[in-house]
**Q** 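Take this structure, written in structure tokens, and hold onto it; I'll ask about it next.
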Amino acid sequence: MRICRLTFLLLLCTLPLGAAPTDSSAASPDSLLRIAHRYLSRGSADTARALFETVLSAGPGIGQARLGLVQVAIKEEDWGEALDLCEDILEETPRDPAAHYYAGICERELGTQRAGPMRKIAWGRSQDHFEAVIAGDSLFKDVLYQFARLKEYEEEWPEAIALASRQVLLRPEQVEAQVGLFHIYRHYIAETHPDEALNWLLSQENDYGRYFTAEVLRRTRRFTKAESIQLQFLRHRSTLPVQAHYIALARIYASQNDEARAQLCYWKGVDSIATWLGGALIFEDLKYIVSNKELEQYTSLSSDRNKIAFFHRFWEVRDPMPAAAINYRLMEHIRRYVAAEAEFEYYGFRTGFSNPDRTKVLKQPKAFFLNREFNDQGLIFLRQGPPDKIERTMGNMSSFGPTSIDPHQAWLYYASGDEPQRIFHFARHNTAANNWRLSPLPGEPDLLDRDMLENLAMYDSRYFRLQQGNALEATKLVSDLELDGEQAVAAALTTDRHVWNKGTTEFSVPHAVDAFRSSRGRTLLDVSYAIPFSPLREAAGSAEMKVMVEAGISTTALDGRMLGSKLDTLDLMLPPDGKGSYIGLFRQLAVPDSVRLTVHVRALTAPALGSWTQQLRIPSFVGRDFMLSDLQLLLPASSGPSIEIDGIKVVQSPFKTYPSEKPLFAYLQVYNLVKDLQGNAGYSVQYALAPTDKPDERILLAEVKRDLNDDSRAEFRSLDIKAIDAGTYTLTVSVTDKKRVQTLTRSREIEITN
């Protein structure tokens, strides 16, 4: 009875999955096994284990429950426990193919954690298990591919590729094996001298051989030959998905700074997805920067159309200049990938033995474990771009007690905008290979790299104090630095960012966004911006008289969908002293919604750019309620595009700073005033300033009363601020509808200078 009650309670736990019946007849081993496997597939290993153990204790279905426990242990990478369970099964049923299959995987992975003869012995047993399965049924699961991975570990490339190719031929529906075959080929060309690899690949006389011949040529910068092979594939039928060829071409063109062709090829690859493998190859390219949420979204997709949409959204939300013809974040990712191939490739084993984070301070997201091609430096590089500074130490190869100081690198990313300074520590621990792994500290807490502490002292005083050897505060300093390292790594591995090339002059773009009522329920946005001449003069050089500039605006939904965009090209004359700004305006009609607005300014003839992005809720002016537009500030216009209000030529102002000796022009629109029986309406308006730090000290600048026979009006006023002291103020306009006796306000923060 106790077992039945436990079974029934466990079944109740499965209700959210929609698979658990609610009567005791459902407590059958088969039902429990199905539910347990479902939990396991969703990552709930503990629940799956409890269910398998329940079946095991009940009697029937014991064999499948034991295999289920094997799968749980493998899911948790507890290879020793999984192997013990397999051996228990094989003692009773020596020919059990599943037990041999899983034992082969366990012995293979356990071998990576051993060295010398012990590794060879484990891998020999792994091969025996795989061969036992193949002798009985070569179509069992993906046994040929798992055997191929063993041969890949042993760097027996022809055997590995032959086994994986046979798996793909016999079971073409197994996408993981097809992607794995690409990975084995990539591993081969990464570890093999290009001339040797070319000779062997050409001897294969198949599409994979020709494709990876082109990849070797690309990696050795023989772009013309590589391009020719890939284009030839696209002109004729290939056994490989077109996505493989388009991505390769995108990398070729990006390496030659042909951004337009690179982007065209990339999107051709995405938009022509028609197979699981095609989608998987696109995902393989961006898996290094995916978030956990995006990973969950992608793995839940089943249709090619949804995958195409996913990839578009993926890059749209990362685009720093959505209105531009080029998605610069996408281009930067492709270039970073090519650079990572050259500097950060590592196909070796990531074992506990080579992990400098012995106490497991650092926490990695799920997406971190998708990477099998690059070391930890490569992942940080792909996500965050090149560091601003690298500090290196060689380590101390002699021993100090039970350990020694590893070679270390510290990557510094300087504070920028909202981003704080971040320092990432990498150590090459117990290895001579390119296996640089993240570490929370430059060394272990009780044995820090003194040379690295000295190098970092100028960036963070805590490293200086540690270097001084103050034992009283050392424990707290180490603890604080470990926490900083944990937070920095967590941020770096869950985000990615775009950075512009070094040497690019980046400047801020003053701007303002003002909303007004338009027709058919839409809202008119006046987006004013200023292009400062000084950074353009700096980037272009003193001899240039003018510079061509691209200015663009985009309105995107919060999920990245483009709602509207516009591009202008401007020829700007540069004043010799670089003083002043060009003031521009974009006008956008938009449906009220939450959007992301981005404006960029990019010099086309000099390395200079600026941009800003703002998330805002576009207000709605639909309805008959009393409403006000935004409060817009204006500047007198002496020349160029302008509007005329009450005989004064003005332009919309993107600035927050205004000199007291000049008048301040304020503009807003009043909507839906109440009329009396004679059709008359009226309102009063007050203009007041209040110091930001003393909001109660209100200074009345002007007060006006209006009578009109319309329910709406544009209100424009020149404000005298000569007597106002320099400082930061809030300008507030209060409008009172006389008939409603209702007051609305609009405010802007400004700075007044003398």
Side-chain angles (χ1 to χ4, degrees), residues 16-18 38-48 75-77 175-176 179 266-267 270 273 276 278-320 322 327-330 332-334 336-337 362-374 376 378-385 417-420 422 424 438 486-499 554 556-563 593-596 598 613-617:
L17 293 175
R38 189 172 301 155
Y39 269 111
L40 184 60
S41 69
R42 297 187 181 188
S44 300
D46 289 342
T47 305
K75 186 82 171 179
E76 296 178 331
E77 296 189 0
V175 178
E176 182 181 348
V179 174
Y266 185 88
W267 290 120
V270 169
I273 290 174
W276 278 91
L281 291 179
I282 297 290
F283 184 78
E284 282 289 299
D285 175 74
L286 56 78
K287 68 182 182 181
Y288 311 101
I289 63 171
V290 73
S291 69
N292 279 349
K293 182 178 179 181
E294 289 166 333
L295 176 59
E296 291 174 6
Q297 289 173 345
Y298 180 76
T299 54
S300 70
L301 300 177
S302 57
S303 73
D304 297 328
R305 183 184 66 181
N306 288 338
K307 290 177 182 178
I308 291 170
F310 171 87
F311 294 127
H312 277 279
R313 299 285 184 272
F314 185 90
W315 291 113
E316 284 166 354
V317 298
R318 289 166 167 79
D319 191 348
N327 185 321
Y328 290 99
R329 179 66 187 93
L330 169 60
E332 179 65 13
H333 172 72
I334 296 173
R336 287 181 191 175
Y337 181 94
L362 305 179
K363 306 296 187 292
Q364 291 87 12
K366 289 181 182 178
F368 175 86
F369 300 98
L370 299 176
N371 167 51
R372 291 166 56 198
E373 294 79 25
F374 302 112
D376 288 357
L379 278 187
I380 298 295
F381 176 81
L382 286 166
R383 283 183 173 269
Q384 305 299 324
D418 295 333
E419 297 290 328
R422 289 196 174 107
F424 300 101
L438 283 160
E486 179 186 357
Q487 293 173 343
V489 168
L493 294 178
T494 53
T495 63
D496 65 280
R497 64 171 186 156
H498 178 74
V499 292
S554 68
T556 57
L558 299 187
D559 64 1
R561 286 178 294 112
M562 178 67 73
L563 302 176
D593 199 356
S594 293
V595 301
R596 186 178 291 110
T598 301
T613 297
Q614 179 177 336
Q615 186 173 314
L616 72 155
R617 176 76 188 180

**Q** Can you check whether Phe381 and Phe374 have ring centres sitting under 6.0 Å from each other?
**A** no

**Q** Can you tell me how far apart CG (Leu301) and CZ (Phe311) are? Round to the nearest 0.5 Å.
**A** 8.5 Å

**Q** Given Arg329 and Ile289, is the side-chain contact (heavy atoms from CB on, under 4.5 Å) satisfied, shown in steps?
**A** CA-CA 12 Å; Arg329 179 66 187 93; Ile289 63 171; 3.9 Å; yes

**Q** What I'd like to find out is whether the side chain of Asp285 reaches to under 4.5 Å of the side chain of Tyr266, using heavy atoms alone.
**A** yes

**Q** Do Val595 and Leu563 have side-chain heavy atoms sitting under 4.5 Å apart?
**A** yes

**Q** Do Lys293 and Leu295 come close enough that some side-chain heavy atom pair is under 4.5 Å?
**A** no

**Q** Taking the side chain as every heavy atom from C-beta outward, state whether Lys307 and Ile282 have any atom pair closer than 4.5 Å.
**A** no

**Q** Is there a side-chain contact (heavy atoms from CB on, under 4.5 Å) between Thr495 and Gln384? Walk through the geometry before answering.
**A** CA-CA 8 Å; Thr495 63; Gln384 305 299 324; 3.2 Å; yes

**Q** Working to the nearest 0.5 Å, report the span between CG of Leu382 and CG of Asn371.
**A** 8.0 Å

**Q** If only atom types and distance count, is the side chain of Arg383 paired as donor or acceptor with the main-chain N or O of Tyr288 below 3.5 Å?
**A** yes

**Q** State, with a plain yes or no, whether a side-chain heavy atom of Arg561 is found less than 4.5 Å away from one of Thr556.
**A** no

**Q** In sequence, state the C-alpha distance, the side-chain angles, and the governing distance for Leu438 and Leu493, and then conclude on side-chain contact (heavy atoms from CB on, under 4.5 Å).
**A** CA-CA 11 Å; Leu438 283 160; Leu493 294 178; 4.3 Å; yes

**Q** Holding to ring pair (Phe, Tyr, Trp, His ring centres under 6.0 Å), I want the full list of residues that pass it with Phe368, two or more places apart in sequence or in another chain.
**A** none

**Q** List in chain and number order the residues that pass side-chain contact (heavy atoms from CB on, under 4.5 Å) with Arg372, two or more places apart in sequence or in another chain; answer none if no residue qualifies.
**A** Tyr145, Arg149, Glu152, His183

**Q** What distance do Arg596 atom CZ and Thr598 atom OG1 have between them, rounded to the nearest 0.5 Å?
**A** 7.0 Å

**Q** Mind checking the CG-CD spacing from Leu379 to Gln364? Nearest 0.5 Å is all I need.
**A** 10.0 Å

**Q** Identify whether the distance between the nearest side-chain nitrogen and carboxylate oxygen of Glu373 and Lys287 falls below 4.0 Å.
**A** yes

**Q** What residues, two or more places apart in sequence or in another chain, satisfy side-chain hydrogen bond (donor to acceptor under 3.5 Å, both in side chains) together with Asn327?
**A** none

**Q** Drop me the distance from Ser41's OG to Lys75's NZ, to the nearest 0.5 angstrom.
**A** 7.5 Å

**Q** Do the non-hydrogen side-chain atoms of Lys363 and Val489 ever get within less than 4.5 Å of each other?
**A** no

**Q** Between CE of Met562 and OG of Ser554, what distance do you get to the nearest 0.5 Å?
**A** 4.5 Å

**Q** Apply the test side-chain contact (heavy atoms from CB on, under 4.5 Å) to residues His333 and Trp315: give CA-CA distance (whole Å), side-chain angles for both, the deciding distance (0.1 Å), then the verdict.
**A** CA-CA 10 Å; His333 172 72; Trp315 291 113; 3.5 Å; yes

**Q** Going by heavy atoms in the side chains, are Trp267 and Leu330 under 4.5 Å from each other?
**A** yes

**Q** Not counting sequence neighbours, which residues clear side-chain hydrogen bond (donor to acceptor under 3.5 Å, both in side chains) with Asn292? List them please.
**A** none

**Q** Below 4.0 angstrom, N of the basic side chain to O of the carboxylate: do Glu294 and Arg318 qualify?
**A** yes

**Q** Only counting residues at least two apart or in another chain, list the ones meeting side-chain contact (heavy atoms from CB on, under 4.5 Å) with Ser300.
**A** none

**Q** Listed by chain and number, what are the ring pair (Phe, Tyr, Trp, His ring centres under 6.0 Å) partners of Phe314, not counting sequence neighbours?
**A** none

**Q** May I ask you to decide whether Glu316 forms a salt bridge with Arg313, counting only side-chain N to carboxylate O separations under 4.0 Å?
**A** yes

**Q** Can you label the angle between the Phe310 ring and the Tyr298 ring as parallel, tilted or perpendicular, going by 30° and 60°?
**A** tilted

**Q** Does Asp496 reach the side chain of Val290, with side-chain heavy atoms less than 4.5 Å apart?
**A** no

